[in-house]
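Read the structure below first, then the notes.
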Amino acid sequence: MVSSNRIIFHIDVNSAYLSWTSVYNLQHGDTLDLRMVPSVVGGDPRSRHGIVLAKSIPAKKYGIQTGEPLFSARQKCRDLIIVPPMYDLYIRSSNAMVEILREYTPYIQRFSIDECFLDFAGTENIYKDYIELAYKIKDRIREDLGFTVNVGISTNKLLAKVASDLEKPDKVHTLFPHEIREKMWPLPVENLFMVGRATLPKLNKMNIYTIGDLANHDVEILKASLKSHGVLIWNYANGIEDSEVRSCNLPEVKGVGNSTTTSFDVADRKTAHMVLLSLVETASMRLRNLGNCCRLVSVSLKTSSFVNYSHQRKLLTPTNSTRKIAETAYNLFDEIWRGEPIRHLGVYLSELCSSEFYQISFLDDEDTEKSSRLDKAIDAIRLKYGPKAVMRSVFLHSGLKPMMGGVTEDDYPVMTSML
DNA sequence: TCTGGGGTCCTAGGACCC
DNA sequence: TCTGGGGTCCTAGGACCC
């Protein structure tokens, strides 16, 4: 049951990756504050990872956007400073922030590495003024940790999130239901959560340009053309949203996947299999760490001309065996590959179930049991000595990493399109 | 030196069953 | 005896988020 007058905060780290790198640099003797100059965090173009992951506010003024190629970002600003990502630092910075937030309420949902929802249910007698509280939290994070956040305040998560996005950086905004018309409706419709680059042109075609235009459009017409998504964004435009701040009972993981853009085009089956094996090593280890088996294995690929396709297969019995999953992935790949040069390969394991059930049946199949014990032993060594401690001999001198894809120990909160 | 990687959810079409 | 129709499962593709 959701109370109608909840108080929800949305905390959003300003230019998260960039701020965190900047603070780290300043703390280590650097004198330049990257946040004050046109700068971005970006991948390495030599390995074909050259996109903007985060931008400073001055970089934004040049029209630089997250996700855009560094090549094009540099054309917009010749003096652009580009720094590499530091993922370990980002996880530590995120955790440090959450530790502070926990002092104010136990009801915290980590929505992504740099965003949290806070629910202040049952605190009416503790906090007299929530706006004052928001300033206190914001300033506390800045003083203790050195980076700034925006705080959005409202009665549901959607409105709080829109509020925190209003004006940056280092700001507190409210967006209560009575303020929707004045503060939210004039905004461009693409600012609304869940209106992405495919939906925007469809809305524009219907003469919808602002969130207010969407809110006041006939919902039946939206439903006819955009199906359930049309109803969802119409509700959002009207501030209607009632999901819980999920601080516990987190939804179970639906699947684990790893994918990679290779530093060169893969042109032969054998190399493709090696990349797939490397991805399966990472994904299946994550699966085992979760205590799960999967029943569905999917392989996806992107060609050098950016065409995507995928293929999947349901297994007769669930598994978490590296060998079994890799063999399935090889077969799937061989069945779909049309022979073009490959830029990107991915493996996704889903339809998960607990691995405990299958412990017993391992005894039936000597081969499966052996393979499971081997996986376990290798996982333990990698946990203790690092992922490079054990590698399959095929990777020796291959120039390929034996375990591709990220998210291992510190499985940080997943980012999703669900509130 | 041009375009990432981790997710969740939805839809459409075809197979298959009764 | 000139072609229904509902339900479910499977698969591929694409939407969205950060």
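Reminder, nothing fancy here: chain letters follow the sequence lines and each chain counts from 1.
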Under 4.0 Å, heavy atoms only, any strand: does [X] hit a base, just the sugar-phosphate, or nothing?
{"X": "A/Gly346", "result": "nothing"}
{"X": "A/Arg313", "result": "nothing"}
{"X": "A/Lys202", "result": "nothing"}
{"X": "A/Phe306", "result": "base"}
{"X": "A/Gly50", "result": "sugar-phosphate"}
{"X": "A/Asn308", "result": "nothing"}

Taking the side chain of [X] as its heavy atoms from C-beta onward, which of [options] lies nearest to it?
{"X": "A/Arg46", "options": "C/dA12, B/dT1, B/dT8", "answer": "B/dT1"}
{"X": "A/Ala198", "options": "C/dC16, C/dA12, B/dC10", "answer": "C/dC16"}
{"X": "A/His49", "options": "B/dG5, B/dC10, C/dC18", "answer": "B/dG5"}
{"X": "A/Lys254", "options": "C/dC16, C/dA12, B/dT8", "answer": "B/dT8"}
{"X": "A/Val253", "options": "B/dT8, C/dT11, B/dC10", "answer": "B/dT8"}
{"X": "A/Phe193", "options": "C/dC17, B/dT3, B/dG5", "answer": "C/dC17"}
{"X": "A/Asp114", "options": "C/dC18, B/dT3, C/dT11", "answer": "C/dC18"}
{"X": "A/His229", "options": "B/dG6, C/dC16, B/dG4", "answer": "C/dC16"}
{"X": "A/Ser112", "options": "C/dA12, C/dC16, C/dC18", "answer": "C/dC18"}
{"X": "A/Glu115", "options": "C/dC17, C/dT11, C/dC18", "answer": "C/dC18"}

Atom [atom1] of [X] to atom [atom2] of [N]: distance rounded to whole Å?
{"X": "A/Met404", "N": "B/dG4", "atom1": "CE", "atom2": "C1'", "result": "14 Å"}
{"X": "A/Lys314", "N": "B/dA15", "atom1": "NZ", "atom2": "P", "result": "18 Å"}
{"X": "A/Leu232", "N": "B/dT11", "atom1": "CG", "atom2": "P", "result": "11 Å"}
{"X": "A/Gln109", "N": "C/dC17", "atom1": "CD", "atom2": "P", "result": "17 Å"}
{"X": "A/Leu332", "N": "C/dG13", "atom1": "CG", "atom2": "P", "result": "13 Å"}
{"X": "A/Leu200", "N": "C/dC17", "atom1": "CG", "atom2": "P", "result": "11 Å"}
{"X": "A/Arg197", "N": "C/dC18", "atom1": "CZ", "atom2": "C1'", "result": "14 Å"}
{"X": "A/Leu158", "N": "C/dC16", "atom1": "CG", "atom2": "C1'", "result": "14 Å"}

What side-chain donor-acceptor pairs closer than 3.5 Å can you find for residues 231-241 of chain A, not counting sequence neighbours?
unit_1: A/Trp234; atom_1: NE1; unit_2: A/Ala215; atom_2: O; d: 3.0
unit_1: A/Trp234; atom_1: NE1; unit_2: A/His217; atom_2: O; d: 3.1
unit_1: A/Asn235; atom_1: ND2; unit_2: A/Val231; atom_2: O; d: 3.3
unit_1: A/Asn238; atom_1: ND2; unit_2: A/Ala215; atom_2: O; d: 3.2
unit_1: A/Asn238; atom_1: ND2; unit_2: A/Trp234; atom_2: O; d: 3.0
unit_1: A/Glu241; atom_1: OE1; unit_2: A/Lys157; atom_2: N; d: 3.3
unit_1: A/Glu241; atom_1: OE1; unit_2: A/Leu158; atom_2: N; d: 3.1
unit_1: A/Glu241; atom_1: OE2; unit_2: A/Ser243; atom_2: N; d: 2.9
unit_1: A/Glu241; atom_1: OE2; unit_2: A/Ser243; atom_2: OG; d: 2.4

(request) Please measure how far the C1' atom in B/dC16 lies from the corresponding atom in C/dC2, and state the result in whole Å. (result)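 Each nucleotide's C1' atom is 22 Å from the other's.
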(request) Using the P atom on both, measure C/dG4 against B/dG14 and round to a whole Å. (result) 15 Å
Establish, with yes or no, whether the OP1 or OP2 oxygen of [N] is under 4.0 angstrom from a side-chain nitrogen or oxygen of [X].
{"X": "A/Ser310", "N": "C/dA12", "value": "no"}
{"X": "A/Arg343", "N": "B/dT3", "value": "yes"}
{"X": "A/Ser259", "N": "B/dG6", "value": "yes"}
{"X": "A/His311", "N": "C/dT11", "value": "no"}
{"X": "A/Lys302", "N": "C/dG13", "value": "no"}
{"X": "A/Tyr348", "N": "B/dT8", "value": "yes"}

(message) Taking side chain to side chain contact (heavy atoms under 4.5 Å, CB included) as the definition, give me every residue that meets it alongside A/Ser310, ordered by chain and number, with sequence neighbours left out.
(response) A/Ser300
(request) Quick one: list whatever passes side chain to side chain contact (heavy atoms under 4.5 Å, CB included) with A/Lys202, sequence neighbours left out. (result) A/Leu226
(request) Would you mind telling me which residue lines up with the more 5' stretch of DNA chain B, A/Asn258 or A/Ser228, judged by nearest nucleotide? (result)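 Residue closer to the 5' terminus by nearest nucleotide: A/Asn258.
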(message) Closest-nucleotide mapping onto DNA chain B: is A/Lys227 or A/Thr261 further toward the 5' terminus? I mean the 5' end.
(response) A/Thr261
[X]: partners by salt bridge (charged side-chain N to carboxylate O under 4.0 Å, His left out), with sequence neighbours left out:
{"X": "A/Arg288", "value": "A/Asp375, A/Asp379"}
{"X": "A/Lys61", "value": "none"}
{"X": "A/Lys314", "value": "A/Glu351"}
{"X": "A/Asp44", "value": "A/Arg46"}

Please tabulate, for side-chain N and O atoms in residues 395-403 of chain A, each donor-acceptor pair with protein atoms closer than 3.5 Å (sequence neighbours left out).
unit_1: A/Ser398; atom_1: OG; unit_2: A/Phe395; atom_2: O; d: 2.7
unit_1: A/Ser398; atom_1: OG; unit_2: A/Leu400; atom_2: N; d: 3.0

(message) Tell me whether the count of non-hydrogen atoms from other residues, nucleotides or ligands lying under 6.0 Å of NZ in A/Lys302 goes above 12.
(response) yes
(message) Other residues, nucleotides and ligands only: do more than 12 of their heavy atoms fall within 6.0 Å of NZ on A/Lys76?
(response)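 It does: A/Lys76 NZ has more than 12 such atoms within range.
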(message) When you compare the side chain of A/Phe9 with that of A/Ile137, does any pair of heavy atoms fall below 4.5 Å?
(response) yes
(request) Would you check if A/Arg35 and A/Asn14 make a side-chain contact, meaning some heavy-atom pair closer than 4.5 Å? (result) no
(request) Taking atom types as modelled, find out whether A/Lys254 and A/Ser350 have a side-chain donor-acceptor pair closer than 3.5 angstrom. (result)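 No, no side-chain donor-acceptor pair sits under 3.5 Å.
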(message) Under 3.5 Å, is there a donor on one side chain and an acceptor on the other for A/Arg110 and A/Ser94?
(response)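 Their side chains do contain a donor-acceptor pair, which is all the 3.5 Å distance test asks for.
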(message) Enumerate the ring pair (Phe, Tyr, Trp, His ring centres under 6.0 Å) contacts for residues 275-331 of chain A, please, sequence neighbours excluded, ordered by first and then second residue.
(response) A/His273-A/Tyr330
(request) Would you please enumerate the stems DNA chain C participates in, each stem being three or more consecutive Watson-Crick or G-U wobble pairs with both distances under 3.5 Å? (result) B:5-18 with C:5-18
(request) Output the residues of residues 64-79 of chain A in contact with DNA chain B, where contact means a heavy atom of the residue under 4.0 Å from an atom of the strand; sort by number or write none. (result) A/Pro69, A/Phe71
(request) Could you list by number each residue of residues 333-340 of chain A showing a heavy-atom separation from DNA chain B of less than 4.0 Å, or answer none if no residue does? (result)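 Within this stretch, nothing sits under 4.0 Å of the strand.
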